[in-house]
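Quick notes on the structure that follows.
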Amino acid sequence: MGEMSSIQLGVIGALFLSVASSVSIVICNKALMSNLGFPFATTLTSWHLMVTFCTLHLAQRFNLFEAKPIDIKTVMFFGILNGVSIGFLNLSLAFNSIGFYQMTKLAIIPFTVMLETLFLKKQFSSKIKFSLFLLLVGVGIASITDLQLNFLGTILSLLAIITTCVGQILTNTIQKKLNVSSTQLLYQSAPFQASILFVSGPLVDQMLTKQNVFAYKYSPIVLGFIILSCLIAVCVNFSTFLVIGKTSPVTYQVLGHLKTCLVLAFGFTLLHDPFTERNLIGILVAIFGMGLYSYFCTQENKNKHSIDPPLASQVKSKDNSPFLGIQEKESHEPKKLSKESLV
């Protein structure tokens with residue numbers, strides 16, 4: 001029971017850190033981009049990841065965590081995939097209306113459920129599916145204002161959905177299959193994510209904004225907000241990997257929509273953004289759906305632990321099989337495999 005309590009506290013802590021850091025970085029980036037006129041979102045994300053890697057490298061040098069190597073092909077594929085997904089999401093926002101972009105983000109949950117059901121044989125109860133449906137309807141009512149379709153924007157949205165879903169499923173699967181922590185996985189993959197965005201970011205941003213990030217005149221206040229954004233991003237990236245590793249990709253997406261509701265509420269209360277009855281109804285429906293999802297997940301986990309403890313140990317032993325064909329290295333202990341994300 002003590003171990004279960006500590007696990008639950010760890011999950012709650014990870015969820016709180018994810019919400020707090022994500023809402024904080026949205027506020028910071030909104031000030032940076034909307035008020036100070038710094039529009040280079042993709043390039044900024046590459047800086048986020050570079051600062052995250054440098055912070056983790058410093059922490060590793062001070063022995064705050066143990067760096068464990070992952071097969072280079074696995075970590076390169078994983079890092080580049082996550083970097084590409086961020087690029088596709090930004091391009092989707094650029095080539096679609098805000099409403100269609102919100103639809104793209106909403107589609108990530110059902111697509112993730114479909115992929116996990118088809119390829120990982122994961123079962124989702126009808127109660128869980130109903131709560132997710134309520135959540136998506138609520139967020140849709142609150143955030144979708146228009147739906148303008150175009151061929152290129154639709155293709156980019158599909159690519160964004162696919163890469164994001166696969167990346168988040170891999171974030172969970174790699175941690176469990178290779179028995180690595182969220183910190184170790186982020187430390188190994190951040191350089192590859194940062195590299196792909198550092199190369200492509202200025203090009204993507206120039207295409208989207210018609211401005212050159214290297215020709216931008218950086219004032220002290222802009223530099224200050226960029227540094228603050230990068231520091232907050234360390235918490236965002238760390239908590240993202242932590243939440244997905246401790247829960248699931250679907251739970252992380254549910255948490256993401258909670259952040260959307262909080263940002264909408266924050267914009268109304270503090271920034272006096274336009275707010276209608278439709279926004280309020282949508283947020284309430286979404287929060288009700290989140291509450292149901294949390295309740296049903298908790299009940300199912302309790303039933304699973306109380307009814308099938310032997311089955312859980314069997315599943316755990318199966319999960320220790322090599323991932324993506326990676327074989328256990330002879331130099332490691334018998335039960336340990338060769339080991340180890342955004343804004």
Check your understanding: Distance from L156 atom CG to I161 atom CD1, nearest 0.5 Å?
Key -> 11.0 Å
Exercise for review: Test side-chain hydrogen bond (donor to acceptor under 3.5 Å, both in side chains) on S125 and E300 and set out the steps.
Suggested key: CA-CA 9 Å; S125 68; E300 290 185 8; 2.5 Å; yes
**Study point:** Atom pair CG/CG of N29 and N35 - distance to nearest 0.5 Å
**Key:** 11.5 Å
Check your understanding: Between G83 and Q193, which heavy-atom pair has the shortest distance, and what is it?
Key -> N-CG, 4.2 Å
Exercise for review: Under the side-chain contact (heavy atoms from CB on, under 4.5 Å) rule, what do I155 and F95 come out as? Steps first, then yes or no, please.
Suggested key: CA-CA 10 Å; I155 296 298; F95 285 91; over 6 Å; no
Check your understanding: If you round to the nearest 0.5 Å, how far is CD1 of I283 from CD1 of I141?
Key -> 11.0 Å
Practice item. Taking atom types as modelled, find out whether T240 and Y252 have a side-chain donor-acceptor pair closer than 3.5 angstrom. Key: yes
**Study point:** Side chains of N82 and S189, donor plus acceptor under 3.5 Å
**Key:** no
Exercise for review: Would you please test F111 and I162 for side-chain contact (heavy atoms from CB on, under 4.5 Å) and show each step?
Suggested key: CA-CA 8 Å; F111 198 85; I162 294 169; 3.9 Å; yes
Review point. Taking it one step at a time, do K246 and L15 satisfy side-chain contact (heavy atoms from CB on, under 4.5 Å)?
Key: CA-CA 10 Å; K246 286 184 173 294; L15 295 175; over 6 Å; no
**Study point:** Pairs meeting criterion salt bridge (Lys or Arg N to Asp or Glu O under 4.0 Å) with involvement of residues 103-119, two or more places apart
**Key:** E116-K122
Review point. Roughly how far, to the nearest 0.5 Å, is the CD1 atom of I244 from the CD atom of Q253?
Key: 7.5 Å
Review point. When you measure from the side chain of N96 to the backbone N and O of Y101, does any donor-acceptor pair fall under 3.5 Å?
Key: no
**Study point:** Nearest non-hydrogen partners of L136 and P110, listed with the distance
**Key:** CD1-CD, 3.8 Å
Practice item. Assess whether side-chain contact (heavy atoms from CB on, under 4.5 Å) is satisfied between L64 and T183, documenting all intermediate values. Key: CA-CA 10 Å; L64 296 179; T183 309; over 6 Å; no
Check your understanding: Any link between Y295 and V254 through a network of hydrophobic side chains (Ile, Leu, Val, Met, Phe, Trp, Tyr) touching at under 4.5 Å?
Key -> yes
Check your understanding: F130, L258: one ILVMFWY side-chain cluster at the under-4.5 Å cut-off?
Key -> yes
Practice item. State, yes or no, whether a side-chain contact exists between L134 and Y293 at a heavy-atom distance under 4.5 Å. Key: no
Exercise for review: Evaluate whether atom CZ of F124 has more than 12 neighbouring non-hydrogen atoms of other residues, nucleotides or ligands under 6.0 angstrom away.
Suggested key: yes
Check your understanding: Taking the side chain as C-beta and beyond, is there a heavy-atom pair between L186 and S181 under 4.5 Å?
Key -> no
Review point. Below 4.5 Å, heavy atoms only, C-beta onward: do F192 and I72 meet side chain to side chain?
Key: yes
Revision key, fill the gap. Between Q188 and K68, the two heavy atoms sitting closest are NE2-O, 3.5 Å
**Study point:** Within-4.5 Å side-chain heavy-atom neighbours: I25 and S229
**Key:** yes
Review point. How far apart are the closest heavy atoms of F53 and A190, and which atoms are they?
Key: CB-CB, 3.9 Å
Revision key, fill the gap. Tracing side-chain contacts under 4.5 Å among Ile, Leu, Val, Met, Phe, Trp and Tyr outward from W47 reaches L32, M33, L36, F38, F40, L44, M50, F198, V213, F214, Y216, Y218, I221, V222, L223, F225, I226
**Study point:** Main-chain N/O of T247 paired with T251 side-chain donor or acceptor, under 3.5 Å
**Key:** no
Point to revise | Side-chain donor/acceptor of S46 to backbone N/O of T43, under 3.5 Å | key: yes
Review point. Is there a side-chain contact between V285 and L135, using heavy atoms and a 4.5 Å cut-off?
Key: no
Review point. Is there a chain of hydrophobic side chains (I, L, V, M, F, W, Y, each step under 4.5 Å between heavy atoms) that links F16 to I27?
Key: no
Check your understanding: Between V199 and V204, is there a shared hydrophobic cluster once you connect ILVMFWY residues whose side-chain heavy atoms come closer than 4.5 Å?
Key -> no
**Study point:** Check: P202 and N212 side chains under 4.5 Å, non-hydrogen atoms
**Key:** no
Practice item. Taking S18 for its side chain and A14 for its backbone only, find out whether a donor-acceptor pair lies under 3.5 Å. Key: no
Revision key, fill the gap. When every non-hydrogen atom of A142 is compared with those of N279, the smallest separation belongs to O-ND2, 2.6 Å
Practice item. Would you indicate whether the side-chain heavy atoms of I227 and L231 approach each other to under 4.5 Å? Key: yes
Check your understanding: Taking a hydrophobic cluster as the set of Ile, Leu, Val, Met, Phe, Trp and Tyr residues connected by side-chain heavy atoms closer than 4.5 Å, whether directly or through intermediates, do L56 and L58 fall within one such cluster?
Key -> no
Review point. Can you name the closest pair of heavy atoms from L242 and S182 and give their distance?
Key: CD1-OG, 3.2 Å
Practice item. Determine whether the side chains of T45 and T42 contain a donor N or O and an acceptor N or O closer than 3.5 Å. Key: no
Revision key, fill the gap. Rounded to the nearest 0.5 Å, the CD1 atom of I232 sits from the OG atom of S22 at a distance of 10.0 Å
Point to revise | Side chain to side chain, T112 and T164, heavy atoms closer than 4.5 Å | key: no
Review point. For the side chain of S239 and the backbone of V236, is there at least one donor-acceptor N/O pair under 3.5 Å apart?
Key: yes
Practice item. Among Ile, Leu, Val, Met, Phe, Trp and Tyr joined by side-chain contacts under 4.5 Å, find the other residues sharing a cluster with V51 and list them by chain and number. Key: V234
**Study point:** Value rounded to 0.5 Å, distance of CE in M290 from NE2 in H257
**Key:** 7.5 Å
Practice item. Consider only side-chain N and O atoms of T163 and S85, and report whether a donor and an acceptor are under 3.5 Å apart. Key: no
Review point. Around atom NZ of K259, are there more than 12 heavy atoms of other residues, nucleotides or ligands at under 6.0 Å?
Key: yes
